[in-house]
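Nothing fancy with the numbering, it's 1 onward along the sequence. Values below: every heavy atom of this structure, side chains too, minus hydrogens, waters and symmetry copies.
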Amino acid sequence: MTVTLADVAARAQVSPATVSRVLNGNYPVAASTRERVLKAVDELDYVLNGPASALAAATSDLVGILVNDIADPFFGIMASAIQAEIGGPGGRAGGERLAVVCNTGGSPERELTYLTLLQRQRAAAVVLTGGAIENQPHAAAVAAKLRRLTEAGTRVVLCGRPPAPDTGAVALTFDNRGGGQRLTEHLIGLGHRRLGYIAGPEERTTTRHRLEGHRAALATAGIEEDPRWTVHGRYDRQAGYEATLELLRRDPSLTAVVAANDSVALGAAAALRESGLRIPEDVSVAGFDDLPFSVDAVPALTTVRLPLGEAGSRAGRIAMGREEPPPGGIATVGGELMVRGSSGVPRA
């Protein structure tokens, strides 16, 4: 049943006019009243009527692209590729569509807020990029938002994100487990047996999947993992630098460091050099994603290439209805091992 402005007013115990003032922001309202109204809006999942032109259609010409950090090339490449497919004629009456990049900063609350705002604006499509947050209440809340979006006619695509069952969202997911396993298998094949691992934030699906792949490779090779060999941190260079120093403090005999992504790997390389260690003669380094700077690192970085641009483009086409979704609404995009100068045979 559709929630009306009167329902919100009744829940907040104010007049419909007060609800309208709060939502339109065109009249001063007491802070306590405003908070009560907004709480009622969230509890009832009220969708504010958008412009009259949007009311006449199922959706507007707005397309939302959710990213964790637009300054991170991982997200920037995907967002750029998605937006390139959205640009140009294709909106209602042949007009342009407006792509809005929503930077969550990794905040679960911001992610939900953006989804709510896009729902209220009757977005034509929403694309969520990167890994999901592993928190059951948050996952349930996101699933509910996605379900309401798709039921209202919004196309929802998950790019580089695990599937969201029973929401109507299309998922183009990266094979992070397989990539992580192949990367560690490469290092084991060179003779490494003491491998440090710098994982991403513990609450991210990407972190868990890449770490599971790494551990699967160790188990297959009969290498017992030492708890000291894994450190969690952010997906950035500084985290890689700090984590590597911690790994060296815990076990100076490590011969390889596997990083959660390429930015983390750069920080790891800097820490190793400052510690007087050569790459790869003393310690090998490997990353993940194959971001543009990886080939220019010294030595060039061994990593797993994810087709970020291609996946983003496909997500954009599906979001615009110019490409059919994959069978079952799910497609797994594999990664390619890129062996370069940062990995080598371990020291004797």
Side-chain angles (χ1 to χ4, degrees), residues 73-74 174-200 206-207 209-226 228-231 233 235-237 239-241 243-248 250-308 334-348:
F74 177 88
F174 294 138
D175 183 17
N176 285 304
R177 286 191 190 87
Q181 184 166 350
R182 286 191 294 276
L183 189 63
T184 298
E185 285 173 346
H186 161 68
L187 293 169
I188 292 172
L190 292 173
H192 293 277
R193 293 295 182 272
R194 303 184 70 83
L195 299 89
Y197 191 92
I198 306 173
T206 301
T207 297
H209 294 162
R210 293 181 182 183
L211 183 53
E212 285 175 351
H214 168 72
R215 286 173 168 163
L218 293 179
T220 300
I223 299 173
E224 184 176 352
E225 183 185 12
D226 189 318
R228 298 176 300 162
W229 295 350
T230 300
V231 177
Y235 281 120
D236 60 42
R237 182 187 182 281
Y241 178 88
T244 300
L245 294 179
E246 175 62 19
L247 285 171
L248 291 174
R250 294 181 182 183
D251 188 351
S253 68
L254 292 174
T255 63
V257 172
V258 184
N261 69 7
D262 294 340
S263 297
V264 173
L266 287 189
L272 291 170
R273 283 193 295 268
E274 289 185 18
S275 300
L277 297 168
R278 300 166 299 165
I279 305 169
E281 291 85 357
D282 297 318
V283 181
S284 289
V285 177
F288 208 111
D289 296 333
D290 196 27
L291 299 177
F293 57 75
S294 301
V295 73
D296 295 319
V298 181
L301 190 61
T302 289
T303 184
V304 173
R305 172 180 290 171
L306 290 181
L308 301 175
E336 179 184 359
L337 178 64
M338 309 301 293
V339 178
R340 301 189 181 118
S342 68
S343 61
V345 176
R347 61 181 181 270

Rounded to the nearest 0.5 Å, how far does [atom2] of [Y] lie from [atom1] of [X]?
{"X": "Tyr235", "Y": "Asp289", "atom1": "OH", "atom2": "CG", "value": "8.5 Å"}
{"X": "Arg278", "Y": "Leu272", "atom1": "CZ", "atom2": "CG", "value": "12.5 Å"}
{"X": "Arg182", "Y": "Leu187", "atom1": "CZ", "atom2": "CG", "value": "13.5 Å"}
{"X": "Trp229", "Y": "Arg215", "atom1": "CH2", "atom2": "CZ", "value": "12.0 Å"}
{"X": "Leu247", "Y": "Leu195", "atom1": "CG", "atom2": "CG", "value": "11.0 Å"}
{"X": "Leu337", "Y": "Ser343", "atom1": "CG", "atom2": "OG", "value": "8.0 Å"}

Side chain Ser342, main chain Ser284, donor-acceptor under 3.5 Å
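Pair absent, no side-chain N/O of Ser342 close to backbone of Ser284.
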Is there a donor-acceptor pair under 3.5 Å between the side chain of Arg347 and the backbone N or O of Asp282?
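Yes; judged by distance alone, with no hydrogens or angles, the pair exists.
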Less than 4.5 Å apart, any side-chain heavy atom of [X] and any of [Y]?
{"X": "Leu301", "Y": "Val285", "result": "yes"}
{"X": "Arg210", "Y": "Phe174", "result": "no"}
{"X": "Leu277", "Y": "Leu248", "result": "yes"}
{"X": "Ile223", "Y": "Arg194", "result": "no"}

Minimal non-hydrogen separation, [X] against [Y], with atom names:
{"X": "Pro280", "Y": "Gly344", "value": "CB-N, 3.6 Å"}
{"X": "Ser275", "Y": "Leu245", "value": "OG-CD2, 3.7 Å"}
{"X": "Gly335", "Y": "Leu306", "value": "CA-CD2, 4.1 Å"}
{"X": "Leu183", "Y": "Gly287", "value": "CD2-O, 3.0 Å"}
{"X": "Val298", "Y": "Arg273", "value": "O-NH1, 3.4 Å"}
{"X": "Pro307", "Y": "Gly334", "value": "CD-O, 3.5 Å"}

Ignoring hydrogens and geometry beyond distance, is a side-chain donor-acceptor pair present between Glu274 and Tyr241 at under 3.5 Å?
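Yes - a donor-acceptor pair under 3.5 Å links their side chains.
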Any side-chain donor-acceptor pair under 3.5 Å between His186 and Thr302?
no
Name the atoms and distances for all side-chain donor-acceptor pairs under 3.5 Å in residues 255-270, with sequence neighbours left out.
unit_1	atom_1	unit_2	atom_2	d
Thr255	OG1	His192	ND1	2.7
Asn261	OD1	Ser263	N	3.2
Asn261	OD1	Val264	N	2.9
Asp262	OD1	Phe288	N	2.8
Asp262	OD1	Thr303	OG1	2.8
Asp262	OD2	Asp290	N	2.7
Asp262	OD2	Leu291	N	2.7
Asp262	OD2	Ser294	OG	2.7

According to side chain to side chain contact (heavy atoms under 4.5 Å, CB included), who are the partners of Arg250, at least two apart in sequence or on a separate chain?
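Applying side chain to side chain contact (heavy atoms under 4.5 Å, CB included) to Arg250 gives Arg228, Val231, Glu246.
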